[in-house]
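Before any comments, here is the structure.
Count residues from 1 along the sequence.
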Amino acid sequence: MSTPNEFWLCLHELARAIDAEGRTAQERRANIVASLQQMHPVARTHVIEELIELMTFLPDLYPQVVQAAKPPVPPENQ
């Protein structure tokens, strides 16, 4: 069973891992793709499937997170 903060902790770790791949976005992408190409084909297929899952899920999550992060409006201002 996951903890309530596991998603956010994993997201933080992913952001750190991306940053560690290089100084620029172009360098990070190149390094990430190069490491993917070095993987065993079965592992490569699996991580690509996970990437597809993330890329299709996160865009729909983003507006909900932005909305939830807004401070609540006091009842007298509604």
Side-chain angles (χ1 to χ4, degrees):
M1 181 175 177
S2 64
T3 65
N5 292 323
E6 185 172 355
F7 173 83
W8 299 109
L9 293 171
C10 290
L11 183 67
H12 175 70
E13 289 299 316
L14 178 59
R16 288 181 59 197
I18 291 169
D19 286 343
E21 289 293 332
R23 295 178 54 107
T24 66
Q26 182 177 353
E27 183 181 4
R28 289 188 291 267
R29 284 190 299 268
N31 288 338
I32 290 168
V33 170
S35 67
L36 175 73
Q37 291 171 326
Q38 295 173 5
M39 289 181 180
H40 185 277
V42 173
R44 186 171 47 238
T45 299
H46 183 71
V47 296
I48 290 172
E49 288 171 356
E50 290 177 329
L51 179 62
I52 291 167
E53 183 179 347
L54 284 171
M55 296 303 295
T56 57
F57 176 77
L58 293 177
D60 292 335
L61 177 64
Y62 178 74
Q64 294 176 3
V65 169
V66 169
Q67 185 63 34
K70 291 181 181 178
V73 177
E76 64 271 2
N77 292 340
Q78 289 184 353

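- In the hydrophobic cluster analysis, where Ile, Leu, Val, Met, Phe, Trp and Tyr join through side-chain heavy atoms closer than 4.5 angstrom, Ile18 is grouped apart from Ile52.
- Apart from Leu11 itself, the hydrophobic cluster it occupies contains Phe7, Trp8, Leu54, Phe57, Leu58, Leu61, Val65, where clustering links Ile, Leu, Val, Met, Phe, Trp and Tyr at side-chain heavy-atom distances under 4.5 Å.
- Residue Arg28 comes nearest to Glu21 through the heavy atom pair CG-C, 3.7 Å, listed as atom of the first residue, atom of the second, then distance.
- Glu53 is not listed as a side-chain neighbour of Glu49, based on a closest heavy-atom distance of 4.5 Å or more.
- Residues Glu27 and Arg23 approach most closely at OE1-N, 2.9 Å, considering heavy atoms.
- With rounding to the nearest 0.5 Å, the separation of CG in Leu14 from CG in Leu9 is 12.5 Å.
- Side-chain contact between Ile32 and Leu36 is absent, with no heavy-atom pair separated by less than 4.5 Å.
- Within 6.0 Å of CD on Gln26 lie no more than 12 heavy atoms contributed by other residues, nucleotides or ligands.
- Taken to the nearest 0.5 Å, the CZ atom of Arg44 stands 14.0 Å off from the CG atom of Leu51.
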